[in-house]
Amino acid sequence: MSSVHIILPDNSIKTFNHEPTILEVAQSIGPRLAKDTLGGQIEGENEISDLRRKLKDGSRLKIITTKDPESLEVIRHSSAHLMAQAVQEIWPDVKVTIGPVIDNGFYYDFDSPRTFSPEDLEKIERKMVELLARNEDVIREDWPIDRAIETFEKMGERFKAEIIRDLAAKGETTVGIYKQGSWFDLCRGPHVQRIGQIKAVKVLSLAGAYWRGDENNAQLQRIYATAFNDKKDLEEYLHNLEEAKKRDHRKLGKDLGLFYFHPFSPGGPFFAPKGAAIYNQLQVFVREKYKKYGYEEVITPQVFDVELFHRSGHYENYRENMYFSRIEEKDFSLKPMNCPGHCLLYQAERKSYRDLPWRVADFGRLHRYERSGVMHGLNRVRTFCQDDAHIFCRMDQLQDEIASFVTMLNEIYHTLGMYNYVIYLSTRPPKRMGSDEVWDRSENALKDALTSLQLPFTINAGDGAFYGPKLDIMFVDALKRPWQLGTLQVDFNLPRAFELSYVGEDNKDHQPVMLHRAILGSLERFIGVYLEHTAGHLPLWLAPQQVSLLTVTDRQLDYGRQLENRFKDAGLRAALDLRSEKLGYKIREAQLQKIPYMVILGDKELESQTVSIRLKNGKTVDSLPIQEFIEKIALESKERRLESVFHAATNSNQEANNSSI
RNA sequence: GCCCAUGUGGCUCAGGGGUAGAGCACACCCUUGGUAAGGGUGAGGUCGUGAGUUCGAGUCUCACCAUGGGCUCCA
């Protein structure tokens, strides 16, 4: 047999007289490295390889040890096995299914006759720790597929047997089995050498799940857990999780007095004056952009004859999410979206090609019945309004309209300081209207626009709306859960359903293309995601209260009232705190309310007719002429700046006490 | 809709079969205090709702409602 060469990252070459495993390569370098080896990264492959894998001649290999972040995948993969082993040692009648690695951890789905309790989770974790101490070797065996099926069937592991049968149907003849002690599981790897290489595990939570993600299948019990290379990392992760919960928008909404929920309207947020201030400022902002980008705003009805939704196709495809009522023997529905109404409005006047593109915006209130288990603060509600607009245009205008939308979206997100959004292109779903030819055209139009604008995107096959493909602009919340904000949907179907037309240059009727688009998405969800993005520290222009005037003693009351009016006259949202509390008390309260500017009014300021300000970062600027201060922050608000104009100009280095924020 | 958990004054939470507690917030009084909590007094709860077990139920059981974490769904 000729020699096999393995190339390491420093371009050094290791030579073997056989195809070595990754572990053997590590051993040839040194025993310490071999001991810490958890897997390998082979150049040109996305996934981490199991350390037992044999390498072909000429492979470029990076050995993964505990020092590499990629090793977490291996650790967690093995931890999933460890958890399954622990569960089955405690409850032998529990059946295993699958246990993949996910962001920040892993889970395992079990089929169990008993329902797990939170105490069980502790029990499982204790068992896992016990098994860690046993430190068994993890051994891989390759079994003929028939033997594997037979073995798992005999054990009553019907889910595993089903997986293996599917592998057999795909033409596999052997499957990998990983053993630790007497316990074993079907797996592709990668796994650790010895169980003791897992240094820190934590069983986190319990959830229901369905076999293969289908709610018609068996309900399984999913246990979430995580694992790290050392205890410090685990503690840091758990700490970050706690910190993230502090910026949960539901908590911020309550603490800052922005919005509330009541059982009498599940999924129906109540915006208090402060929350409504944010809501309205966002609308003002978007309306400005509408003016700039050639949109016209319309107002359309809330309740429609159900006939409208039969025509649009929504009744057939979406009725389980609609609210109905019957009045004078006629069926009506609350609108779940604005588009059918806009189609009616389009038809109200005969359109010429000169009228296109026709861009109509609508802040209409929408109602969608969401299943009871899916509501989530402001992020998933049953009544909301979108920065919704529809663009009716000619086919040859489509590219420009898509490009213009993306430009507008960038502008708006940048003003808000949101740069890390992800674009998904969702293509035709199984349940859809329209011909494949129409779908081809619309999907390609979106792809081409993104490609020509050099915007990266991910394809979500089969996730489009029933009437057309779409772009979804996604953001994550404090716990990194993704939420859709903006959207752009190409629709060739509604214009046909409503027989929309325009007169072309050729004096003949043509059908327009319709674009559905939103940038913030629903204002409710946007506020939820944005509160978490900013941890409640809104930029001045969005802050419900921008200025808090704090008197030191009652001697400054008149001065305070006079100033409050001057701020209000300048269009600023200011309020005077004239209670006979100590200054420190008032500052604390304004600080907790995350009010951008505190204006301190004492005898000194009264005498010199100035103001002293305190920023919410704890820095102060003393003895500022009133007019100068008002003008500066009025401009900051008007220009929608993200940072305070006084950021660099503070003359005190006093640091804020952040411990209670 | 499904699985698990939770629900005690406005908020955050304690109490776990013998008849309701704290802190903050709120009201009033004293205090006029210069950059994150001055002091006192007081009001406020049929313990999510409804049934049941019990001599007696925030406390145990069941159902329902809402919320939280997931699953499924999200035109």
Side-chain angles (χ1 to χ4, degrees), chain A residues 107 109 112 115-118 120-121 204-224 245 248 250-251 254-255 257 260-267 309 312-322 336-337 339-340 366 368-377 379-380 429 431-433 463-468 470 472 479 481 483-484 487 489 491 516 525 550-557 580-592 598 600-605 612-616 618-620 622 652 654 656-661:
Chain A
Y107 65 79
D109 284 349
S112 168
T115 52
F116 297 128
S117 68
D120 289 343
L121 297 191
L204 294 170
S205 61
L206 196 58
Y210 301 99
W211 171 238
R212 302 209 149 150
D214 185 334
E215 64 181 324
N216 298 313
N217 284 345
Q219 173 114 34
L220 307 171
Q221 295 185 67
R222 176 169 298 176
I223 299 178
Y224 285 91
K245 281 180 187 160
D248 186 316
R250 291 165 299 197
K251 178 170 165 46
K254 216 180 258 177
D255 292 348
Y260 301 91
F261 287 91
H262 191 279
F264 281 167
S265 182
F309 300 108
S312 70
H314 287 108
Y315 185 86
E316 277 62 36
N317 291 281
Y318 197 64
R319 79 178 146 237
E320 60 274 19
N321 288 294
M322 289 165 65
M337 66 282 299
C339 25
L366 308 178
R368 298 180 187 181
Y369 175 76
E370 298 286 357
R371 296 211 278 174
S372 58
V374 307
M375 261 98 70
H376 182 98
N379 291 5
R380 188 88 173 260
K431 194 173 165 187
R432 62 176 183 264
M433 62 191 287
D463 215 28
F466 71 85
Y467 49 71
K470 59 179 182 174
D472 287 326
L479 290 179
R481 290 172 293 210
W483 294 96
Q484 181 207 314
T487 185
Q489 309 176 2
D491 185 356
H516 309 245
R525 176 179 293 178
L550 311 177
T551 50
V552 178
T553 76
D554 288 350
R555 287 189 296 279
Q556 297 88 33
L557 280 185
S580 60
E581 296 287 355
K582 282 193 164 177
L583 181 61
Y585 182 90
K586 296 185 186 182
I587 285 177
R588 178 182 151 83
E589 211 154 85
Q591 190 78 50
L592 291 175
M598 288 165 246
I600 314 297
L601 304 173
D603 285 336
K604 201 169 65 182
E605 287 76 18
S612 290
I613 62 164
R614 180 192 159 102
L615 276 55
K616 62 183 173 184
K619 302 208 169 155
T620 58
D622 291 332
S652 163
Q654 189 180 357
N657 168 12
N658 284 312
S659 60
S660 61
I661 298 171

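Naming convention: chains lettered A, B, ... in sequence-line order (proteins, then strands); numbering from 1 in each chain.
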Minimum-distance nucleotide (side-chain atoms of Lys582(A) versus G70(B), G1(B), G38(B)): G38(B)
The criterion is salt bridge (Lys or Arg N to Asp or Glu O under 4.0 Å); which residues satisfy it with Lys604(A), sequence neighbours excluded? none
At under 4.0 Å between heavy atoms, what does Phe261(A) touch on the DNA or RNA strands: base, sugar-phosphate, or nothing? nothing
Base-pairing mate for C24(B) - Watson-Crick or G-U, with both contacts under 3.5 Å: G10(B)
Side chain Gln556(A) and base G34(B) donor-acceptor under 3.5 Å: no
Can you give one letter per nucleotide of nucleotides 24-31 of chain B, 5' to 3': B if a protein heavy atom sits under 4.0 Å from the base, S if only from the sugar-phosphate, - if neither? -SS----B
Indicate, with a heavy-atom threshold strictly under 4.0 Å, whether Lys470(A) touches base, sugar-phosphate, or nothing. sugar-phosphate
Arg212(A): what forms a salt bridge (Lys or Arg N to Asp or Glu O under 4.0 Å) with it, not counting sequence neighbours? Glu162(A), Asp166(A)
Has the side chain of Arg371(A) got a donor or acceptor atom sitting under 3.5 Å from an opposite partner on the base of C74(B)? no
Separation of C74(B) P from Trp483(A) CH2 (nearest whole Å): 14 Å
Taking the P atom in each of A63(B) and G1(B), what is the distance between them to the nearest angstrom? 15 Å
Report the C-alpha distance between Arg371(A) and Glu215(A) in whole Å, list the side-chain angles of each, state the deciding distance to 0.1 Å, and finish with yes or no for salt bridge (charged side-chain N to carboxylate O under 4.0 Å, His left out). CA-CA 14 Å; Arg371(A) 296 211 278 174; Glu215(A) 64 181 324; 3.4 Å; yes
Nearest-Å distance, CG (Asn379(A)) to P (G70(B))? 12 Å
Atom pair distance, as rounded to whole Å: CG in Leu479(A) and P in G68(B): 13 Å
Locate the shortest heavy-atom distance separating Arg380(A) from Met375(A); write the atom from each residue and the value. O-CG, 3.3 Å
Using a 4.5 Å cut-off on heavy atoms from C-beta on, say whether the side chain of Arg222(A) contacts that of Ser205(A). no
Between C74(B) and Arg525(A), counting only base atoms on the nucleotide and side-chain atoms on the residue, is there a donor-acceptor pair under 3.5 Å? no
Below 3.5 Å is the cut-off: list the nitrogen or oxygen pairs between protein and nucleotides 8-12 of chain B, distance only.
from	atom 1	to	atom 2	distance (Å)
U12(B)	OP1	Lys254(A)	NZ	3.3

Could you check whether Gly373(A) gets within reach of a base, just the sugar-phosphate, or nothing at all, counting any heavy atom under 4.0 Å? base
With Arg481(A), which residues qualify under side-chain contact (heavy atoms from CB on, under 4.5 Å), at least two apart? Arg250(A), His376(A), Asp477(A), Leu479(A), Trp483(A)
Who is the Watson-Crick or G-U wobble partner of A36(B), with both distances under 3.5 Å? none
Could you work out, with ring pair (Phe, Tyr, Trp, His ring centres under 6.0 Å) as the rule, every residue matching His516(A), not counting sequence neighbours? His390(A), Tyr467(A)
With a 3.5 Å limit on both atom pairs, tell me what C62(B) is paired to, counting Watson-Crick and G-U wobble, or say none. G50(B)
Can you say whether the rings of His314(A) and Tyr318(A) are parallel (under 30°), tilted (30 to 60°) or perpendicular (over 60°)? perpendicular
